[in-house]
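Notes follow once the structure below has been shown.
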Amino acid sequence: MKDLNDLFLHMLKDVYHAEKQLVRALKQMSKKATTPELKQAFETHREETIGQIERLDQVFEILERAARGVPCEAMQGLVAEAKEVMEEAEEDSVMDAGLLAAAQAVEHYEIARYGTLIAWGRQLGLNDAVKLFEATLAEEKKTDQLLTQLAEKAVNQKAA
Ligand SMILES: [Fe+2]
């Protein structure tokens, strides 16, 4: 990688792969979650994530590059942690609290990545791509806030 263009493209591919992994993971997480609001939050964000992948497809088009991911080890690790919860939680309430925490780690990772893509995109003058990233970033932040509310309202108390 020689310049910001190269870094930008690499991060785009990384996030593309991450979002695709997340669609699969959220399906499993919504199956395993027991609190209805949490199940719904995972399902809603799964649908949003499919839309986010479409936005990334559009960014690849803007760049006139093939839409292709590179393995995102960070997301692989975060998904592995969620799987660990799914395998090891012995109580419904523990499952929910563990899955919620795993999902929040994912959102924070994505918020960091999209924040960087927006900053780099601005620097590179890719204004249409920046708008697409901003739409996705708003969804990630909203999801993070919803998860915080669910944790405070229901999930953590039950697990305690
Ligand atoms: Fe996302």
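The first residue of the sequence shown is numbered 1, and numbering continues consecutively from there. When a ligand or atom number is given, it counts from 1 through the structure's own listing order.
- Residue side and main chain included, Glu19 places an N/O/S atom under 2.8 Å of the Fe ion (ligand 1).
- Taking CG from Leu56 and OH from Tyr16, the interatomic distance works out to 7.5 Å, rounded to the nearest 0.5 Å.
- Between the Fe ion (ligand 1) and Gln52 there is an N/O/S contact shorter than 2.8 Å.
- Taking 4.0 Å as the cut-off between side-chain N and carboxylate O, Glu48 and Lys142 count as a salt-bridged pair.
- A donor-acceptor distance shorter than 3.5 angstrom exists from the side chain of Gln157 to the backbone of Glu152, with no hydrogens or angles considered.
- Not one N or O on the side chain of Asp57 forms a donor-acceptor pair closer than 3.5 Å with the backbone of Phe60.
- Remark: at the Fe ion (ligand 1), atom OE2 from Glu110 and atom OE2 from Glu140 enclose 100°, rounded to the nearest 10 degrees.
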